[in-house]
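Contents: one structure, followed by commentary.
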Amino acid sequence: MRKRKNSSSEEEEGSEMEIQGEAKMSDQVDSDDEEDIEMVDPEEEEESEAPSKPHLATTPAVDNPFMDSFYALSSSVPVERAQAAQTMLQHCLLSSSANSKDAAYSFRRLLNGLCSGRAAARQGNASALASFLKLAFHLEKIKDIRSEADQNKSGDLSNLMYIRERLLTATDTSQIVGKKKGSEERDYQFGRLFGILAVVRSKILVPSSANVEDVKEVTTAFLSDLVELFWEKKWMREPAAHGITTMLQLFLDGDEEHHLVARDLVHTIVVPKLLAVTQDDKDFESSDRQKLLEGYCAEQIGVAVYVQSNYTKISKKLPFPLDQAVVSSSTLPWIAQALSETSSVVHPRTHFVWDALWCLLTIEQDSTKDNSRDASARILLDRIPLSSESGTEVLDAILRHVLKAKLLRIEEDSSPKKITHERRSLALCIVRNLSGVPFLSSLAGQVRIELDGDCIENVLLTPEIVQALFLNVITGGRQKQNASLLKPMALEILGGMSAAVVNTSASRQLSYAKAILRCDSRFDAHTKTSTLTNILGLASEKSPEKEDFSRWSEFLDHLEFEFLSNCSKHSDIDANSLAINFAEVIYSTAKSILRTGVDAEETSDSAIMENKENAIKRVLNFFMAVAFFDCSEMQSSTGKKKKGKKNTTSPAVSKALVVKEQAAGGIPYEVRSVVAARFFSLTSEFAMVVAREVKAEDDGKAEKDTNILAFLADICDSWQDLQKSGSKRFETAMTRTEEDDNESFDPEEAITALRKSIRDIGNCGEVEVDDPIHQSKKRCCTGITVLALTMYLHRLHCGVDASMDEDPDADEEDDEEEICNALEGLKSLADDFLGDEEPEDSNPLLGLAELCANVLSSPIGSGSIGRGCSPKLVREAVRYAWLGGLRLASARATENKSLLDSSVIDVLMEAVGADSSMEGNRNNSSQDVDDDDESASAGDSDEEKGDVGSGDEAIFTKASKIMEDVDDMEVEEPNVSSAEDEDSEVEIDQSKLQHMLEEDSEADIDETELEHHEGADAALAKLIKLRQEARKAGQQAREKIEVSNQLRCTLLLEILLGRPDAWNRLFRSSLLEMVMPLLLHRQRVAVMVQKAVDGGSKVGTGEKRALLERLTSIIKQKLCKLRLSSMPLANTVDTGAGRELVKAILREVKKAKDKDQAACCSACLVFLLRAMPNDTETIAMVSSEYGQVVHEWSTKRSSGASLIEDLINQLPSLAQATLLEPLTKASLESRSSFLRLESFRLLSILFSVKDSTGHPEMQKLAEASVERSQQQVLDAIFASLDDEEMCKPKRARVIFKTLEKFLVRVTTTSYPDVTSSLKSLKEKVETLGQKNDSGGKGNNLSAATSKLVGLIDDVLTEQQKMVEANKGASEEEEISQPDSKNKKSKKKKKKKR
C-alpha cells in the first residue's frame, strides 16, 4: 500500500495501526499454520506442503465482518457489494455500538477505494460513500466523524466544503509516492469523478433555507472540478459531461429555490467554461455561432442540448450560444461530423449525446405504467425548445445529415461508399432506439420512443436505411465475407423491433410493414426471417381476434394497391418483377392467416373460422379477377342504390372493379401466370383446412366432402358473377371452338345438373335420413360433384402471351379437351349411380375407376400442366369421388352381383402398372431381366474388344454393335416404345458434326494409309453414341412419368383395401385376382430400383423407391390383412383355382431376389389359404405344395424357412395338419446339421403355437395328425440324440426343447408303442445328461436332462393311471355281464315252458 504525501499524522498512525493489525492477524495465522503443519505426517508433508501452505495462509483466523466488508465492496457481483455496504453502514453508523472512530476509518477507506482499479471497487465504494454521507448528515454524525478524523484541524470549513477537500485530497495524483503510472493517473481521475457523483447522489447538496449560500459555493466548486476533468483528457469528456448533467438534474428536480442554483451554475460555470469555447480553442471569444458549433465536440453538444431541453426550469432567456436551438435543421450540417464521431462507443451502448437528443426531441407520454421498471413511452414534440421546428423535422434532419450522409455514406445519385462496421453499428443502434425497442437512457432511465406512422415510413425506415442496415448486413450485399460480423446484431434488432411493435396500435404495425415492403417486397425471403409475419401478428399461437383480421385486411389492401400500381407500368420489366413479388407476399400473408391460432384451443370458434374464410376468399377473388379475366370492359353499377336494399355486388365483382380502375391497361401475361399458380395453390391449402371444419349442423363431426363442395361451389359462383358483370375470361383455342366440336355437351350445364342432384337428394322428404341407400347416394353424388367442380375450376386459363408470334401450344387444347371429357364422364356416372334401377349392361364403378385413374395420370393430376393447377386438390377430390362410389356400390351389392368385378380390378391393376396380362408371362419375367443384364454386359465387353482392334473393320464392327445395343435398348423398354420413337432422329449441330468428321483421332487408331477414313468412322461412331444417349435419356424421362403416374394411382387401391368395413359387401373371391399382378409388378419395380442404384442413375430413382414401398405396404398391410371369410357376401374360393394360385406364388418365391419380395409372397399365401375352405381337399393341397417346399429347403439350396414359419404362426391348425410329417422327415434327412436343427426349431414352434382362428373342424384334423405322427417324431428325436453331431450340448438343447413341447401333445392310450419309445428315450436322455455332466457352463446338460426326465415320468405316470382306470372299468363290465346272461337264460326257459 503506497503512502501519500502531506497526510496527517493521525491518518498515518491509523494506517500504520491498520497495517500492524493486519500483520498481527497474519502472524497469528502463520503460527497456527505452523502448529497444524507440525502435526502432519512427515511423509505426507512432502506431498502436500506446497499446496497446503497458500491455502492455510489465506484462511482468516478471526471472523470480522466489518473489515471484510471493505474487500467485498470490490466484488463484481452487485448483490455482494450491496450486502457489504449494508454491513459496513450498520456497524459504523446504525448499530448501538457505532462509534465515530470506526465511522472516520470507514470514510477514509471509502475515499481511498475510489481510486482502486481492482474489479468493481470504484462502483462499490462510490455507492457505499453515497449512502454513508446521506446517513452521516441525516443522523448528524458528520461533525463527530470530522473531529475524529482531523482533530478539529480543518479550520472554519463547512461540512460540505470539508467533504470536498477530503475528496480532492484522496483523489489527488500528486499524493502518489514514486513514479506515476498511466493507469494510476486514470484511476485517480475516475475516482474523483465517482466521488463527486457519490456526493451528488447522496443529496447532501440539496439546499435548505439555512445553507443556500454554502450549497452554491460548494456546487460551484464541484462543477468547476467536473469541467476541469472534462478538458483534462478526451476519454474523460463523456463521463464528465454525464456528471455535469447529473448535478444539474439534482437541482432541476426540486422546487423554484433549487432551480435558482441550477441557473447560477449554468450562467457562471457551464456556459463560460464549457459551451462558449471550442474543443480546440479554450480562449475562443467570437460570437460566430457557426464557427462555435463546428468546433464543438459531441459532449459539448450533449450538455448544451440537455440545458436547452430544461430551459423552462433554468431560465427562459439563456446566454449565448444557448439563446437559439443548438440542434435544428440549419445547425445539423455544422455538428453532423461531431455526432458521427461517436461511433467509437462500443455496442450496445450509445453515446451520451444521443440520449440528450432523444430527451430534447421527445416528451414522456401520459400513461400509467404497470410496473416501475417498465419502459416509459416517449413521443416526438410538436415543437422543440427554442425553435419553431417540430420533432419530426429535426429527426429527419438528423437522419439525413448524420445517419445517411456521415455514417452510411449514402449520397444522392451515387452508390453507397465503403463504410466501417463501427459506423454501421452506431446507425443500427440509432434505428433500434427510434423503432420502439426499450433501451436504457443515461438521462431518462428505461424508455421507448414511439414514432407515428408517417414518421416511420418517410423518416426512419426509408428504403435507403433498410437496404443499408438490414438487407446488406444480413444478406452480405457485395461483401458477403463480412456479413457475419454485424449480422447477429441486425437480426437481434429486427427481432426486438418485431416484439416491440406487435403490442402497439394497428396503424403503427402497418407503417412498419409498409416501410419494409417499400424497400424490398421479398424482405422476409431474402433475410430468411419472419419480420413481417411477426410485426403483423401472423405468427402468434393465440387465437386471432376481430381487430387482428381488420389489421390484416388493411395490409392486404395495401399489397393489392402496390401490386396493381406496378402492373400498370407495362413497359417496365422491373415493375413486373415487383408485381410478382407483391403477389407472392399476398399469397404468403393469406397462408399465414390460414395458419394462425392452429395450436389454440379456440380454433373451432365459428366466428374465427368465418373471418378466416372471408380473408382467404377475398384473396382468391382478387387472384381470380387478375389472372383469369379481362376486366377492362366490365360494367360498373352507376345507378343509385334504392333505400332499404343492401348492395348486392358480389366480392369477386368488387375486386374486379378495383382491378379495372387501378390497372386500366390490363395485367401482363408473366404476372398473370404467376398469380394463376398461386390461385390454385391457395385454393388447395384452404380446401384442406375447410375440410376439417366442424359446423354446428354436423353434430360435432366434420363432413369433409360437404365442406369442400360448399367452398368450391362458392368459387364457381364467383366465376359466374364475373362473367355476368361483363368480365371476359381468357380462353384457349380449344375453348373458343368447343361449341363447334362439342355441341352436345356444355360444362356449365353439367355442373348445374350435378349441384341440382345434391339439392334434390338433400330435400328428399320421403326417404328417412338413416336409410343407408339414401346416405350412400348423398355421399356418392357429393364426391362426384367435388371432383367435377375441381376439374371445372381447372378450365380457368391465364391466356396467352401477346408478345409471342407462335400459336398456342397444342398441349393446352389437349388439357381443355381432357377436362371436358372428364366432366362429361362424371355427369354420366352420376346418372348411372343415382338411377333407381341399376343398369344391366354397364358398371358405373368400372367407369368411375377408369375416370379416376385417368385424372390421376393426367398432367392436371401430376401438376405438369403448362398453366396453374392444384394436383393436391385434384387428388383429394378423386379420393372423395372414389369413396362415394365405393359406398354406394357396397350398399347396392347383393349375393348374386357386385360392382367390384374382374373388370374393375383389371383397371386398378393397369393403373398402378400391374397389368393382369403380365400373369401369363410370369414364368419368364424375372428371367428376362437376367437375360437383359447378361446381354448388356456382353455388349460392353464386345465393345471394349472392338476398341482394341484397328482398321475399318473394327470401327464398323463397333458401330454395328452400338446400333444393336440401341435396338436392344428399345426391346428392354416395356410398353413405352413406338414406331415414331424408333424412327425419330436426333438433331446434331452441323458445325459440330463437321468438326468431328474432320478431326483425326490418333489416340484411337493405328497408323494406316486411310487416316482420313478412320477419322470419319470415329465421328460416325460418336454420332451413333450420341443418338443412343439421347434415346436413353428419353426412355428415362418416359419411365419417370410412368412411375409417377402409377404412384399416384396407388391411392385408389389404398382406399379400396384400407377401410373395408365401409364397403365390405363388395368383396368377393375375385379380389384374389390382384395377388399375382401386384407381386409381379413389385418384383419388376424392385429390379428397376436395383439397376438404377447399380448404374448410379439418379433420374427417377426416388419415385421408383416410393412406388416400391407403396406396393409393399399395399400387399402386406392392406390386401393381406383382409379376411374374405368375414365379409358379409363373400363366396368361397374354388380349391382348384386356389391350388393354381398357390403354385404360381411359390414359383415367384423361388425367383425372389430380396427378402421383402419373399415376405410379400408369404403374406399372400397366408391370405389365400385363409380364404379357402377348411376341408380335406385344402389340407391335401397344402400338404402337397408345402411338403415340396420343405423338401427343397432341406435337401437343396433354396429358401423356404420364412414361408414355413409364417404358416405356422398365422395358421397353426393347418400347419399341424400338413407340416408335421415333412418337418419330421427333414429333421432326419436334411443335407446339413444346421438344417436338421432348424427343422427341430420349427417343430417346437409347431407344437407350442395355439390356434385362435376358431375353426373346430380344422383343429380336430390337426389333433388327429399329431396323434398319427407322434411315433415318427419320437423316432426322429431318438435318432438325432443318437447322432454324434446332433447330440452336442448346444444342439441337444434345441432337441430337448422340441421334445418338451411335444410331450404335452403325446397320447399313449391307443398307441402302446409310444410308451416303449418314451422309456427308451428317457434312458437315452439320462445317458446323455450323465455324459455331459462334467463340462463347463455351456456344455452341462444335467439340469436340462433332469427336467426332461421328470416330464417324461409325468407323462408315463399319467398314462399308467389312465390304463389302470380303463382296466378297472373293463373288469366291472365283465362282472356285470354274467348276471345279465343268467337273467336272459331264465327268461328263455320260462318262455319255453
| F70 and Y105 aromatic centres sub-6.0 Å | yes
| said: Does H138 have more than 12 heavy atoms from other residues, nucleotides or ligands lying within 6.0 Å of its NE2? | reply: no
| Are a donor atom and an acceptor atom from the side chains of W358 and S441 found within less than 3.5 Å of each other? | no
| Which one of H242, Q279, H351, R237 satisfies the side chain to side chain donor-acceptor pair (under 3.5 Å) criterion with E299? | H351
| Whether over 12 other heavy atoms sit under 6.0 Å from K134 NZ | no
| Hey, does the side chain of R383 reach the backbone of S387 with a donor-acceptor pair shorter than 3.5 angstrom? | yes
| Heavy-atom neighbours of K282 NZ exceed 12 at 6.0 Å | yes
| request: Compare all side-chain heavy atoms of I163 with those of I142 and state whether any distance is below 4.5 angstrom. | output: yes
| field | Candidate pair D225 and R192, rule salt bridge (charged side-chain N to carboxylate O under 4.0 Å, His left out), full reasoning | value | CA-CA 9 Å; D225 297 335; R192 176 171 296 185; 5.5 Å; no
| Heavy-atom distance under 4.5 Å between the side chains of F190 and L114, does that happen here? | no
| request: Check the side chains of S208 and N211 for a donor-acceptor pair under 3.5 angstrom, ignoring hydrogens and angles. | output: yes
| Any side-chain heavy-atom pair from Y296 and V303 closer than 4.5 angstrom? | no
| said: If only side-chain N and O atoms count, and only distance matters, is there a donor-acceptor pair under 3.5 Å linking E450 with T504? | reply: no
| Given side chains that start at C-beta, do those of D323 and L386 come closer than 4.5 Å, heavy atoms only? | no
